[in-house]
Amino acid sequence: MPVQNAEIAAMFDQAAELLEIKGENPFRIRAYRRAARTVENLPKSAAAMLVVGEKLSELPGIGKDLAGKIATIVDTGKFELLESLRRELPGELGQMAALPGLGPKRVKTLADKLGVRTLEDLGRAARKGRLQELRGFGAKLEQGILAALDKPVRMTRFKLPFVEAEAKSIADWLGGDPSCGRVVAAGSYRRRRDTIGDLDMLVTTRRGATVGDRLTAYENTAKVLAHGPTWTTVILRSGLQVDLRVVEEECYGAALLYFTGSKAHNIALRNLANDDGWKLNEYGLFAGERRICGKTEEEVYEKLGLDFIPPEMREDRGEILLAKKRALPELVSISDIRGDLHIHSKWSDGAASIADMAHVAKSRGYSYIAMTDHSQRVTVAHGLGPDRLLRQLNEIDRLNAEIGEFTILKGVEVDILADGHLDLPDRVLSRLDIVIASIHYKFDLPRDEQTERIIRAMDNRHVSIIAHPTGRLIGEREPYQIDMERVLRPHENETVFWRSTPIRTGWT
DNA sequence: GCCGTTTTCGGCCCGACTGTTTTCAGTCG
């Protein structure tokens with residue numbers, strides 16, 4: 001199987017870590033980290049790009065050298081730099097540097113002065129009190145390391161809706177402080193990433209310290225990691241880390257920009273500011289000592305010669321160049337949504353009736369919904385066989401006549417069986433406006449078989465949509481093995497999307 | 001190691017907090 005982007009990114013990250021411990025040029029280290037993020041966030045696999053001759057060196061942060069290294073990794077699976085670094089620095093130095101309070105410098109000191117190579121070595125030395133004998137180390141750090149070794153930190157990311165609830169609750173609590181001005185959740189939450197590592201909250205106020213105090217006194221705060229006049233970090237009972245930043249109102253825009261990130265986007269913006277002889281930080285945009293602007297994000301972007309970049313795009317994946325050329329694409333927003341093509345009702349495992357959902361959808365300004373209950377194989381969801389499905393069509397006819405200026409499309413989410421056949425006969429599917437096909441069992445087929453299975457389903461002329469084509473559940477289930485490039489590739493002599501059955505709506 | 005409507009060499013984001021110090025290095029975001 002071709003090398004995945006995530007594997008290439010992990011190799012670059014590990015190399016960066018070891019280079020850092022070696023005390024290498026920090027900018028070289030940053031280059032590996034930046035390239036790792038670029039590769040990780042690519043919309044397609046680097047291996048596939050190489051196959052069709054796309055130039056990796058045109059990607060941001062990837063030059064001739066790294067493009068060559070990626071090509072070698074794709075070809076051979078090997079990354080010589082990382083292997084030689086591992087020979088040079090054997091053991092678990094990388095994992096040690098991830099412990100709280102330890103970074104590359106201290107790990108190097110530990111390795112050089114105490115010969116510590118593994119986490120076990122580290123624990124032994126700490127228990128003997130050897131660490132605090134070293135310059136720059138103290139009793140508190142030693143205790144912290146022992147505690148961390150005893151109870152390893154869980155590398156957990158939280159799903160967006162969960163963080164949303166926490167953010168709202170914290171904002172309500174902080175808002176109870178009379179010195180508190182605006183409260184906003186920034187960071188990857190505001191960029192709407194599907195999972196969030198920690199929650200970044202920004203507060204404006206004139207009397208900084210009291211809001212931080214209030215966060216430490218929050219009922220769900222389990223531990224205070226840092227607490228200064230402008231910055232407080234706590235861990236909640238849920239395990240979610242919250243970073244609270246306090247700034248004055250006139251710095252709001254610059255601080256929001258800084259705290260929303262991403263880090264790579266910030267660095268790119270600060271570089272742009274430097275190009276003009278300015279300095280950008282969380283307090284504003286400065287020419288020398290003079291503050292040019294910073295009250296809103298909009299004015300900072302404008303001064304830098306850029307269109308406003310929505311938070312969802314701030315990943316340094318080319319958005320800054322597009323903003324400079326005034327060519328940013330428009331994001332799809334809620335008001336653009338005209339309908340919903342994947343809906344379950346009480347007929348299978350939904351929670352509401354078709355009529356209720358149609359009325360709510362219409363009240364939201366939708367023009368249509370498609371009823372797509374499960375088919376019979378999904379017995380746990382009370383899936384529909386031919387008879388019940390045909391009965392449902394009668395109900396939809398009746399509702400369409402009744403509601404008016406709104407269309408309920410007749411559809412189904414039909415199961416793709418293990419061999420690629422569908423769970424309902426063509427004579428039934430042919431009666432429908434829309435047919436969604438998807439997989440709900442046998443997730444563990446080999447890649448080729450799984451890919452064939454889906455492609456065979458797509459060969460049925462009634463199928464309009466393949467739903468959840470990777471089967472991934474964010475944070476819960478890994479995607480199943482599937483050659484997505486092959487699924488998306490049209491058959492020879494065929495036009496792209498030839499398989500799509502036009503949706504018959506009666507209106508356009 | 002990357003990058004360049006001044007540059008192919010010489011830059012490379014910037015600030016807060018902690019613990020260890022007695023003015024600051026290391027870490028972190």
Side-chain angles (χ1 to χ4, degrees), chain A residues 12 15-17 19-21 23-38 56-70 81 96-110 131-145 148 186-188 197-202 208-209 212 224-234 241-247 251 254-255 257-286 304-305 316 320-321 324-325:
Chain A
F12 282 0
E17 201 127 73
L19 287 168
E20 204 165 28
I21 292 168
E24 266 274 358
N25 176 357
F27 301 105
R28 184 177 175 219
I29 293 159
R30 184 189 297 170
Y32 277 104
R33 292 226 161 92
R34 177 160 189 233
R37 299 290 78 73
T38 295
L56 298 180
S57 59
E58 282 168 12
L59 296 168
I62 294 179
K64 215 171 148 187
D65 182 88
L66 287 177
K69 288 192 165 103
I70 294 171
L81 172 67
M96 281 167 56
L99 292 171
L102 285 189
K105 296 275 167 55
R106 288 186 179 136
V107 166
K108 182 152 177 24
T109 304
L110 289 168
L131 268 55
Q132 48 180 309
E133 296 166 4
L134 300 171
R135 185 178 174 79
F137 288 73
K140 199 152 182 177
L141 187 61
E142 195 171 69
Q143 286 310 309
I145 289 169
S188 52
D198 51 39
L199 174 61
D200 301 311
M201 303 285 297
L202 176 68
V224 179
L225 293 185
H227 182 32
T230 69
W231 183 294
T232 301
T233 297
V234 304
Q241 177 173 322
V242 180
D243 295 322
L244 174 71
R245 189 67 208 259
V246 183
V247 297
C251 303
L257 196 57
Y258 155 73
F259 223 29
T260 298
S262 64
K263 188 183 167 87
H265 182 84
N266 286 345
I267 290 175
L269 288 186
R270 288 171 179 196
N271 280 328
L272 269 187
N274 288 353
D275 291 347
D276 290 331
W278 297 333
K279 183 177 74 171
L280 177 63
N281 59 27
E282 58 262 53
Y283 300 108
L285 183 62
F286 295 86
L304 294 174
D316 192 25
I320 290 172
L321 189 61
K324 197 182 280 182
K325 293 198 288 192

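A note on names: the letters A, B, ... follow the listed sequences, proteins ahead of strands, and every chain is numbered from 1.
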Compare side-chain N and O positions of [X] against OP1 and OP2 of [N] and report whether any pair is under 4.0 Å apart.
{"X": "A:K69", "N": "B:dG1", "answer": "yes"}
{"X": "A:K108", "N": "B:dG26", "answer": "no"}
{"X": "A:T233", "N": "B:dC17", "answer": "no"}
{"X": "A:R28", "N": "B:dG1", "answer": "yes"}
{"X": "A:N266", "N": "B:dC13", "answer": "no"}
{"X": "A:N271", "N": "B:dC12", "answer": "no"}
{"X": "A:R106", "N": "B:dA25", "answer": "no"}
{"X": "A:Q241", "N": "B:dG29", "answer": "yes"}

Can you tell me how far [atom2] of [N] sits from [atom1] of [X], to the nearest Å?
{"X": "A:W231", "N": "B:dC14", "atom1": "CH2", "atom2": "P", "result": "17 Å"}
{"X": "A:K105", "N": "B:dG26", "atom1": "NZ", "atom2": "P", "result": "5 Å"}
{"X": "A:R33", "N": "B:dG29", "atom1": "CZ", "atom2": "P", "result": "12 Å"}
{"X": "A:I62", "N": "B:dC2", "atom1": "CD1", "atom2": "P", "result": "9 Å"}
{"X": "A:E20", "N": "B:dG1", "atom1": "CD", "atom2": "P", "result": "15 Å"}
{"X": "A:D200", "N": "B:dA16", "atom1": "CG", "atom2": "P", "result": "16 Å"}
{"X": "A:W278", "N": "B:dC14", "atom1": "CH2", "atom2": "C1'", "result": "18 Å"}
{"X": "A:H227", "N": "B:dA16", "atom1": "NE2", "atom2": "C1'", "result": "14 Å"}

Touch class at under 4.0 angstrom, heavy-atom based, for [X] against every strand present:
{"X": "A:K263", "value": "base"}
{"X": "A:Y258", "value": "base"}
{"X": "A:I29", "value": "nothing"}
{"X": "A:G187", "value": "nothing"}
{"X": "A:A139", "value": "sugar-phosphate"}
{"X": "A:L280", "value": "sugar-phosphate"}
{"X": "A:D65", "value": "sugar-phosphate"}
{"X": "A:R245", "value": "sugar-phosphate"}
{"X": "A:Q132", "value": "nothing"}
{"X": "A:K324", "value": "nothing"}
{"X": "A:L272", "value": "nothing"}
{"X": "A:P104", "value": "sugar-phosphate"}

Notebook entry, point to check: More 5' along DNA chain B: A:V107 or A:R270, using each one's nearest nucleotide?
Noted result: A:R270
Margin query: Need to verify one output field. Residue with the more 5' nearest nucleotide on DNA chain B, A:R30 or A:G63?
Written below: A:G63
Taking the [atom1] atom of each, how far is [N] from [M], in whole Å?
{"N": "B:dA25", "M": "B:dT21", "atom1": "C1'", "answer": "10 Å"}
{"N": "B:dT6", "M": "B:dG1", "atom1": "P", "answer": "28 Å"}
{"N": "B:dC9", "M": "B:dC14", "atom1": "C1'", "answer": "24 Å"}
{"N": "B:dC28", "M": "B:dT20", "atom1": "P", "answer": "14 Å"}
{"N": "B:dC13", "M": "B:dG4", "atom1": "P", "answer": "14 Å"}
{"N": "B:dC3", "M": "B:dT8", "atom1": "C1'", "answer": "9 Å"}

Where the side chain of [X] is defined as all heavy atoms beyond and including C-beta, which of [options] is the nearest nucleotide?
{"X": "A:K279", "options": "B:dG15, B:dG1, B:dG19", "result": "B:dG15"}
{"X": "A:I267", "options": "B:dG1, B:dC13, B:dC17", "result": "B:dC13"}
{"X": "A:F27", "options": "B:dC12, B:dT18, B:dA16", "result": "B:dC12"}
{"X": "A:E282", "options": "B:dG15, B:dC17, B:dT20", "result": "B:dG15"}

Next item on the list: With side chain to side chain contact (heavy atoms under 4.5 Å, CB included) as the test, would you mind laying out the steps for A:Q241 and A:L225 before giving the verdict?
Entry: CA-CA 9 Å; A:Q241 177 173 322; A:L225 293 185; 4.1 Å; yes
Notebook entry, point to check: With the threshold set at 4.0 Å, does a side-chain nitrogen-carboxylate oxygen contact exist between A:K263 and A:D316?
Noted result: no
Checklist line | Lys/Arg-Asp/Glu bridge criterion (N-O < 4.0 Å) met for A:R30, A:E20 | finding: no
Margin query: I'd like to know whether A:L272 forms a side chain to side chain contact (heavy atoms under 4.5 Å, CB included) with A:W278, so could you lay out the CA-CA distance, the side-chain angles of the two residues, the decisive distance to 0.1 Å, and finally the verdict.
Written below: CA-CA 8 Å; A:L272 269 187; A:W278 297 333; over 6 Å; no
Next item on the list: Could you tell me which nucleotide pairs with B:dT8 by Watson-Crick or G-U wobble geometry, both distances under 3.5 Å, or answer none if nothing does?
Entry: none
Next item on the list: Report yes if a donor N or O on one partner sits less than 3.5 Å from an acceptor N or O on the other, where the partners are the side chain of A:N25 and the base of B:dG1; otherwise report no.
Entry: yes
Next item on the list: Look up atom CG in A:L257 and atom CG in A:N266, then write down how far apart they are to the nearest 0.5 Å.
Entry: 6.0 Å
Note to self: Show, in sequence, the C-alpha distance, side-chain angles and deciding distance for A:R245 and A:E282, and conclude whether the side chain to side chain contact (heavy atoms under 4.5 Å, CB included) test is met.
What the structure shows: CA-CA 10 Å; A:R245 189 67 208 259; A:E282 58 262 53; 2.7 Å; yes
Item checked: A:E142 side chain to A:L131 backbone, donor-acceptor under 3.5 Å -> yes
Next item on the list: Verify, without hydrogens or angle tests, whether A:T230 (side chain) and A:V246 (backbone) share a donor-acceptor contact under 3.5 angstrom.
Entry: no
Notebook entry, point to check: Step by step, would you call A:L19 with A:Y32 a side chain to side chain contact (heavy atoms under 4.5 Å, CB included)?
Noted result: CA-CA 10 Å; A:L19 287 168; A:Y32 277 104; 3.8 Å; yes
